[in-house]
Amino acid sequence: MDATFLIIGAGPAGLLAALSAAQRHPARGVLVLDRMPAPGAKLAVSGGGRGNLSHLSTEEEFAAAFGRHGRFAIPAFRSLTPDALRERLAGIGIPTTVDPAGRIYPRSQSAAQVRDALFAAATRLGVRFLFNHAVERLQPPGNPDAPWMVDSFSARSILIAAGGRSAPRLGSDGSGFALAQSIGYDLVLPVPALTSLRTAEKWPAGHSGLSLSNVEISIEGSRAREATEQGEILFTHRGISGPAVLNLSGRVARRLLQNREIRVVLNWAGKIPDMQQLRQDAGARPIYVWLARQVPRAFAGTLLELAGIPPDLTFSRLSAAQEKELARHLVALPLTITGTGGFDDSMATAGGVSLKQVDPATLEGRLTPRLYFAGEILDLDAPTGGWNLHWAFCSGHLAGSGAAH
Ligand SMILES: Cc1cc2nc3c(=O)[nH]c(=O)nc-3n(C[C@H](O)[C@H](O)[C@H](O)COP(=O)(O)OP(=O)(O)OC[C@H]3O[C@@H](n4cnc5c(N)ncnc54)[C@H](O)[C@@H]3O)c2cc1C
């Protein structure tokens, strides 16, 4: 047999799995195959190169970050909590820091250094790596004693940690999904997440580079809390981006599968101001002057144009219909989303191997023996903040620890 445990993918999930397997059972052969020339290409550029590795949180907070199916992630989280990950990283020469929002970064601010340290630690423990090898074929064992065949390699147990489809230039081209499907696993159709959104309206392009903080963005007509995000938004030459938009994008992308366009609304003002009060206090002043104190001048002009209100109109001459339109453009500014930045521009994949067919306690597939899944290949994704990398690390750890038995 070529390996006791064969791992497909040397991303953060595969690297942690290799380390944990080799640490628990040093004598057993761990072999990692990756289609790229080096490990962890995505990890090395994560967080703008600074590597937002994890997020200090309880298991409930962690599960909540992953939305509806978040509880699936709890056993993996328990197997490697953020504190345990920090200790583990410190043990291989990567001390970490936590920012005020709870985000964990390497103290060196270098994600590439984290990648290098994980790779070096696994190599020291005897893990073998084969790069530039894209796995194309899986053959399950024909009987309880038979090995898995992975292309021409044989192994007692295997882990698919091949990532999703986002940023394929960094290795994860979706071929892991095809491998899982080839042996009977179902996919929740993958869509890009943590990506920018394109708008039918052209006016955002005119404000490209402008960001507004503390904006609430919601999918129109949906009351679910799931359809709303809050934070900074950024206007771009094609539409909108920024943390709040990125965090909502996977859910918008899924709805775009069924709809040519999706309407979202932006509440950038918080609440509707007391118009009566404004009439009293600033009745003779143009509305534009008041608005330009809340947002940059050019954007104030656009807002009034969209609301159909002449810039020199004063509060005292504002009609009831105009007042309603003004209020709408403050707390429910509509935008029509026609597309996303796509997988090339996305930082995560929403969808993936169906969680129904995987045991959360071990991450072993339910359809085939001795086959494990970890990381982004599974149907789990979270907002920005270090949650996705923590999931890759802890699921890799859980799968690697179990598979090596
Ligand atoms: C630009 C960018 C920045 C990000 N920043 C952050 C951040 O700061 N914090 C955070 O939490 N998350 C961040 N993410 C998301 C995070 O990087 C991913 O969630 C994480 O890398 C997923 O880990 P993984 O091991 O499951 O998959 P990947 O990291 O995608 O690794 C999968 C590996 O499998 C290999 N592979 C794929 N198919 C095959 C095959 N058929 N045969 C052999 N090998 C194969 C690939 O080459 C790759 O090396 C970022 C993502 C991007 C794109």
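We count ligands from 1, going down the list as the structure has it; atoms in each ligand are counted the same way. We're numbering straight along the sequence, starting at 1. These values consider heavy atoms only, across backbone and side chains, with no hydrogens, waters or symmetry-generated copies.
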Which option, [options], owns the non-hydrogen atom nearest [atom]?
| atom | options | value |
| --- | --- | --- |
| atom 6 (C) of ligand 1 | Ala348, Ser54, Ser46 | Ser46 |
| atom 30 (O) of ligand 1 | Lys42, Arg35, Met36, Arg50 | Lys42 |
| atom 46 (C) of ligand 1 | Gly171, Pro383, Ala178, Gly176 | Gly171 |

[X] heavy atoms, cut-off 4.0 Å: which ligand 1 atoms fall inside?
| X | answer |
| --- | --- |
| Val135 | 40 (C), 41 (N), 42 (N), 43 (C) |
| Ala167 | 53 (C) |
| Gly375 | 26 (O) |
| His133 | 42 (N), 43 (C) |
| Asn388 | 11 (O), 12 (N), 19 (O) |
| Ala161 | 32 (C), 33 (C), 34 (O) |
| Ala392 | 23 (O) |
| Ala13 | 25 (O), 26 (O) |

Taking the six-membered ring for Trp, are Phe62 and Trp391 ring centroids under 6.0 Å apart?
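No; Trp391 has its ring centre 6.0 Å or more from that of Phe62.
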Below 3.5 Å, N or O to N or O, backbone or side chain included: is there any such pair between [X] and ligand 1?
| X | value |
| --- | --- |
| Arg169 | no |
| Ala134 | no |
| Leu170 | no |
| Val45 | no |
| Gly47 | yes |

Under a plain distance cut-off of 3.5 Å, with no hydrogens placed, do [Y] and [X] share a side-chain donor-acceptor pair?
| X | Y | answer |
| --- | --- | --- |
| Thr96 | Arg86 | yes |
| Ser354 | Gln357 | no |
| Thr336 | Glu261 | no |
| Ser175 | Asp173 | yes |
| Glu376 | Asn388 | no |
| Thr384 | Asn52 | no |

Determine, using heavy atoms of [X] and all atoms of ligand 1, whether some pair is separated by less than 4.0 Å.
| X | value |
| --- | --- |
| His390 | no |
| Ala41 | no |
| Leu43 | no |
| Pro12 | yes |

Give the residue, atom name and distance (to 0.1 Å) of the protein heavy atom nearest [atom].
| atom | answer |
| --- | --- |
| atom 47 (O) of ligand 1 | Asp34 OD1, 2.7 Å |
| atom 50 (C) of ligand 1 | Met347 O, 3.9 Å |
| atom 34 (O) of ligand 1 | Gly9 CA, 3.2 Å |
| atom 37 (C) of ligand 1 | Ala162 O, 3.2 Å |
| atom 12 (N) of ligand 1 | Leu389 CG, 3.5 Å |
| atom 31 (O) of ligand 1 | Gly11 CA, 3.4 Å |
| atom 22 (C) of ligand 1 | Glu376 OE1, 3.4 Å |
| atom 27 (O) of ligand 1 | Gly163 CA, 3.4 Å |

Side chain to side chain donor-acceptor pair (under 3.5 Å) partners of Glu136, counting only residues at least two apart
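Here no residue qualifies.
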Please walk me through it: do Tyr105 and Leu53 pass side-chain contact (heavy atoms from CB on, under 4.5 Å)?
CA-CA 6 Å; Tyr105 290 89; Leu53 305 174; 6.0 Å; no
Backbone of Phe153 reached by a side-chain donor or acceptor of Asp151 within 3.5 Å
no
Side chain of Arg71, backbone of Ala63: donor and acceptor closer than 3.5 Å?
no
If we set the cut-off at 4.0 Å for heavy atoms, which region of Ala111 has an atom near ligand 1: side chain, backbone, both, or neither?
neither
Heavy-atom side-chain proximity of [X] to [Y] below 4.5 angstrom:
| X | Y | answer |
| --- | --- | --- |
| Arg370 | Ile158 | no |
| Thr314 | Trp290 | no |
| Leu335 | Ile217 | no |
| Val245 | Leu234 | no |
| Leu256 | Thr338 | no |

Using the rule given for side-chain contact (heavy atoms from CB on, under 4.5 Å), can you reason through Arg254 versus Val188, listing the C-alpha separation, both sets of side-chain angles and the distance that settles it, and then say yes or no?
CA-CA 10 Å; Arg254 187 151 310 283; Val188 174; 4.0 Å; yes
